[in-house]
Amino acid sequence: MVVKEIASRPMRRRRGVRVEARVADDSGPALAIWFNQPWVARQLAPGANVLLRGALKRRHEFHVREWEPFEGAEAPVHTRGLVAMYPAAQGITKRLLRELAQRARDAVREVPDPLPASLRVAERLPDRPAALAAAHFPEADAEFEAARRRLAFEELLLLELALGRRRRARQAARRGTPLGLGGELVDPWRASLPFELTREQGRAVEEVDRDLAAEHAMQRLLMGEVGSGKTVVALHAMLRAIESGRQAALMAPTETLAEQHLATLDRLLGGLVPLALLTGSTPASRRRELLGRLETGELGLLVGTHALIEAPVRFRDLALTVVDEEHRFGVRQREALVAKAPDGRTPHLLHLTATPIPRTLELTSYGDLETTALRELPSGRRSVETHVVSGERARARAYERIREEIARGRQCFVVCPLVEVSEALQARAATVEAERLRETEFRDHRVALVHGQLPSRDKAAAMREFATGSADVLVATSVVEVGIDVPNATVMLIEEAERYGLSQLHQLRGRVGRGAHGGLCVLFGDAKLPRLAAIATESDGFRLAEIDLELRGAGEVLGTRQHGLPRLKFATLPEDEELLVLGRAWAERLLEGDPELEAPEHVLLQDAVDSRFGDRSAGAQDEALSERSPVARSGRPPA
């Protein structure tokens, strides 16, 4: 474009400056506009050649996003056609980055390609030099996307190879204790259950049995929808250990959840084997007695919190550890429990989570674990009706509905985001709300209170009061998010719902509708908020997990970090899940035939994995270093 005239003017309806330039090329004239950039009028003069990029708002009116002058009759080669858009930084302009990339264009031809030729041919992928050249200097959109796909597949393949090698190294290093499948305890226990296992529970039990009978220690993640019956599968595994003459432990992140597990296991076992609870609140005398029975092997099954990993806790023969809500524990905390096994053997490890894992996280963050998913709910479970509301009329109707349910003999939860009133956070506090509800809305009913700061004895008493039906309403914090099973509860009212994550809301909703009656979840918040809109319309926890990942984005994986996805240069997850699955399949195929990637055709691939994620001696580590990668955008050359 050639500048014909240029001037700056104050904007009419708001403060600021508007620079207008009348420009023209062979396609005709246009009015180029810059907002709040008065220096442009001083830098451009009539007769100057200029490249403009931006948005055409009206006919002949162009709002400029990026511009640069050039000399001569033709624009520089790095500015023509499709142009790579690099993320600029202070002192490093996009133009400079494009110029540097253009200078390095010939050097790209010398870049080695880690992908074996047989793989590239099978998947019809360009080689790495061609893909890099097309990513930076594409002739068409389709060429850029093909290049990006090739480079994205490569980095996802490297990730899956790193995870696969770590999984195999862990299996080789962790000599387990094969457990027999005699059935002396398991068979009569299964026969005594008042229900049949679902099809998916049966499949999960078979997978766990196969793992327990192997020479290497089990490393399995059991994830399931709220109420899908993970505890039954875990108890099956623990009984396998006990009937083999060994011990099992279940570790939960909170005392409330550990106490609930103890009650559930005790109910399911019906006195078949002795079990006990160990937490930070266990009295000293009781603790000494438990530790003595544990060390002699008299106590085969122990449930607890972080107290299980303390130094004085010694098992005679720990063969299986179950970690519930495993994402709430640190890597080293889980390893400390595993280290309780004697003779250098590694106990079998079963991770439980009631938060369904998206497919992309299953193949990355949890890619070094075997996974089992329970999607099927036991027969009789009904869906929970969910509404997002606001305003006093909606609140009055919600309280009226709770009173109606209480009149039918049902019970209700009221969940608040805070324990006590906070000057910094304007939100409802459970302690204040419980007192208010006792005096107003539910003055004719029994209201109990539970939160994480209560002494253990008071928490247990409140939960027992609600579980036995002595309390009609339980006012609580998110301490009731998991592990609470009160089949008679039918309404969940959540205050300040926007303060909770999507998976947390789904977990709280799962506390109601667990019996013969339906459930109702009322969330007070902004119905337009994406995660609240999602929870109101979607009941499938696995689908909600995918939505949650899309809303929150990706993090990091590999090493001691807990969750998220690795920083990727070309791949975008979960959008590139298809490439991730393909990369996983190829990684398994390559490692099956060449576990150490030592074949001549795999040497470059091995070097690339080691360079990206650390060599095998150091363990797989996330380099966590992001680099600039171009995003090709369509642009008209002199526009």
Side-chain angles (χ1 to χ4, degrees), residues 1-105 134-141 143-145 147-148 530 553 567-570 572 625-639:
M1 284 283 186
V2 177
V3 177
K4 299 299 184 181
E5 59 181 69
I6 186 167
S8 63
R9 298 181 176 84
M11 285 190 276
R12 296 177 183 176
R13 299 182 181 178
R14 54 182 176 174
R15 297 177 63 183
V17 175
R18 169 182 168 124
V19 176
E20 296 181 354
R22 296 198 175 276
V23 297
D25 65 2
D26 293 341
S27 64
L31 179 65
I33 300 173
W34 290 260
F35 295 99
N36 294 319
Q37 299 178 58
W39 57 87
V40 174
R42 297 190 295 271
Q43 294 176 354
L44 285 178
N49 291 321
V50 64
L51 284 165
L52 305 177
R53 296 184 187 87
L56 186 65
K57 295 299 184 181
R58 303 174 190 169
R59 188 179 182 186
H60 303 313
E61 184 175 302
F62 192 78
H63 290 188
V64 181
R65 183 182 69 247
E66 181 183 349
W67 68 278
E68 57 186 280
F70 67 91
E71 298 178 358
E74 291 190 0
V77 65
H78 66 82
T79 64
R80 301 176 197 166
L82 286 175
V83 177
M85 301 298 291
Y86 300 94
Q90 186 174 5
I92 304 177
T93 65
K94 297 177 182 179
R95 176 179 179 176
L96 175 60
L97 289 171
R98 284 197 297 270
E99 290 176 350
L100 293 173
Q102 184 66 35
R103 293 178 200 172
R105 186 169 188 170
H136 289 266
F137 316 107
E139 296 293 333
D141 286 333
E143 184 181 1
F144 171 78
E145 180 52 32
R148 188 205 67 85
R567 291 175 180 170
L568 300 171
K569 302 173 186 177
F570 293 97
T572 303
L625 294 175
S626 62
E627 297 182 11
R628 291 183 176 88
S629 61
V631 178
R633 301 271 180 90
S634 289
R636 294 175 59 190

Scanning both residues in full, the closest heavy-atom pair of Phe570 with Arg148 reads O-NH1, 3.0 Å
When rounded to the nearest 0.5 Å, the distance separating CD of Glu5 from CG of Leu31 is 9.5 Å
Here the pair of heavy atoms bringing Pro46 nearest to Lys4 is CB-O, 3.4 Å
The side-chain hydrogen bond (donor to acceptor under 3.5 Å, both in side chains) partners of Gln43 (sequence neighbours excluded) come to none
Correct closest heavy-atom pair for Val23 and Ala32 would be CG2-CB, 4.4 Å
Rounding to 0.5 Å, atoms NE2 (His136) and CG (Leu97) come to a distance of 10.5 Å
d(Phe137 CZ, Phe144 CZ) to nearest 0.5 Å is 12.5 Å
Here the gap from His63 atom NE2 to Leu52 atom CG, rounded to the nearest 0.5 Å, amounts to 12.5 Å
Residues at least two apart in sequence or cross-chain that pass ring-ring contact (aromatic ring centres under 6.0 Å, His included) with His60, listed by chain then number, are none
Smallest heavy-atom separation, Ile6 atom then Val40 atom, equals CD1-O, 4.0 Å
When every non-hydrogen atom of Ala147 is compared with those of Ala135, the smallest separation belongs to CB-N, 3.8 Å
On a heavy-atom basis, the closest approach of Gly16 and Asn36 is CA-OD1, 3.0 Å
Begin with the C-alpha distance, continue with both residues' side-chain angles, and end with the deciding distance and a verdict on side chain to side chain contact (heavy atoms under 4.5 Å, CB included) for Val19 and Ile33. CA-CA 6 Å; Val19 176; Ile33 300 173; over 6 Å; no
Glu20 meets the salt bridge (Lys or Arg N to Asp or Glu O under 4.0 Å) criterion, sequence neighbours left out, with Arg9, Arg18
